[in-house]
Every structure is written in structure tokens, then in C-alpha cells.
Amino acid sequence: MRECKTGDNMAKCNCTYEPCPRKGLCCECIKYHREAGELPACYFPPEIERTNDRSVEKFIATYQKRRR
Ligand code: SF4
């Protein structure tokens with residue numbers, strides 16, 4: 001089994017929500033948001049990530065706007 005690379009994950013994490021016990025634990029982060037019908041912070045650009053709206057609807061709306 002591979003070792004969890006929490007330190008590497010933390011270096012790349014763009015999440016601004018404090019405090020969150022799942023930071024750096026990407027598998028737990030994805031599971032948490034998936035069960036809530038959401039996506040993790042790293043799927044969103046900074047200005048949207050800061051709103052803490054991690055819904056699938058917001059993700060789709062964000063990227064539909066960017067394609068126009
Ligand atoms: S995206 Fe969600 S679960 Fe992941 S670190 Fe941020 S607040 Fe925590």
C-alpha cells in the first residue's frame with residue numbers, strides 16, 4: 001500500500017476554509033464533498049473557491065461561463 005503524501009497535498013491545496021480537519025487528506029476531502037453533492041476546493045478558481053460554494057451546480061455554472 002502506498003503512503004499518504006499529506007505534505008505534498010497540503011502544498012498544492014487551495015482551500016481557504018479554516019479550520020478543516022481534512023486538509024491534505026484528499027481521499028477524505030473528496031468523500032466528504034461527494035456525499036454532500038459537491039466538489040472539493042481544488043476544482044474551483046480562487047474567486048469562486050473563496051465563496052465556499054462547492055456545489056456541482058456552481059462548478060458547472062463557473063465553467064460554462066468561462067467557455068463563452
Ligand atoms: S475542500 Fe472541503 S474537505 Fe477539502 S480541505 Fe477544503 S473544506 Fe476541507
Side-chain angles (χ1 to χ4, degrees):
M1 183 179 249
R2 292 185 66 178
E3 193 174 313
C4 183
K5 297 188 175 181
T6 307
D8 290 348
N9 294 344
M10 284 295 286
K12 295 173 185 166
C13 182
N14 70 335
C15 183
T16 58
Y17 182 75
E18 298 284 354
C20 177
R22 289 172 288 277
K23 282 197 177 175
L25 299 171
C26 298
C27 54
E28 290 188 18
C29 178
I30 290 169
K31 182 176 185 289
Y32 174 82
H33 284 291
R34 183 176 173 156
E35 288 175 355
E38 300 173 344
L39 292 161
C42 53
Y43 277 76
F44 297 92
E47 68 275 15
I48 304 298
E49 188 284 324
R50 283 192 294 271
T51 69
N52 288 323
D53 183 350
R54 311 218 191 288
S55 65
V56 172
E57 292 81 3
K58 189 66 172 182
F59 173 79
I60 292 169
T62 298
Y63 287 97
Q64 280 179 335
K65 274 186 198 166
R66 289 183 162 218
R67 284 187 177 177
R68 290 180 192 152

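Just follow the structure's listing: the first ligand is 1, and inside any ligand the first atom is 1. Residues take their numbers from the sequence shown, with the count starting at 1.
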Q. What pair of heavy atoms forms the shortest contact from P40 to C29, and how long is it?
A.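 The answer is CB-SG, 3.6 Å.
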Q: Give the residue, atom name and distance (to 0.1 Å) of the protein heavy atom nearest atom 5 (S) of ligand 1.
A: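 That would be K23 CG, 3.4 Å.
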Q. Among protein heavy atoms, which sits nearest to atom 6 (Fe) of ligand 1, and what does the distance come to when rounded to 0.1 Å?
A.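 For atom 6 (Fe) of ligand 1, the nearest protein heavy atom is C15 SG, 2.3 Å.
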Q: Check step by step if side-chain hydrogen bond (donor to acceptor under 3.5 Å, both in side chains) holds for R54 and N52.
A: CA-CA 6 Å; R54 311 218 191 288; N52 288 323; 3.1 Å; yes
**Q.** Backbone or side-chain N/O/S of H33 under 2.8 Å of atom 2 (Fe) of ligand 1
**A.**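 A backbone or side-chain N, O or S atom of H33 is under 2.8 Å from atom 2 (Fe) of ligand 1.
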Heavy-atom contacts with [X] under 4.0 Å: which atoms of ligand 1 show up? List them by number with element.
| X | value |
| --- | --- |
| Y17 | 7 (S) |
| A41 | 1 (S) |
| R22 | 3 (S) |

Q. Shared ILVMFWY cluster between M10 and L25, side chains joined below 4.5 angstrom?
A.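 M10 and L25: separate clusters.
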Q.
One residue to check: C20. Relative to ligand 1, which of side chain, backbone, both or neither has a non-hydrogen atom less than 4.0 Å away?
A.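 The part of C20 near ligand 1 is the side chain, not the backbone.
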**Q.** Full working for salt bridge (charged side-chain N to carboxylate O under 4.0 Å, His left out) between E18 and K23
**A.** CA-CA 9 Å; E18 298 284 354; K23 282 197 177 175; 2.8 Å; yes
(Q) Taking N, O or S atoms only and a limit of 2.8 Å, check whether C29 reaches atom 6 (Fe) of ligand 1. (A)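 No, C29 does not qualify, because none of its backbone or side-chain N, O or S atoms lies under 2.8 Å.
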Q.
Would you compute the distance between atom CG of D53 and atom CZ of F44 and round it to the nearest 0.5 angstrom?
A.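 Taking CG in D53 and CZ in F44, the distance rounds to 6.5 Å.
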**Q.** Y32 OH: over 12 foreign heavy atoms closer than 6.0 Å
**A.**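 At most 12 heavy atoms, drawn from other residues, nucleotides or ligands, come within 6.0 Å of this atom.
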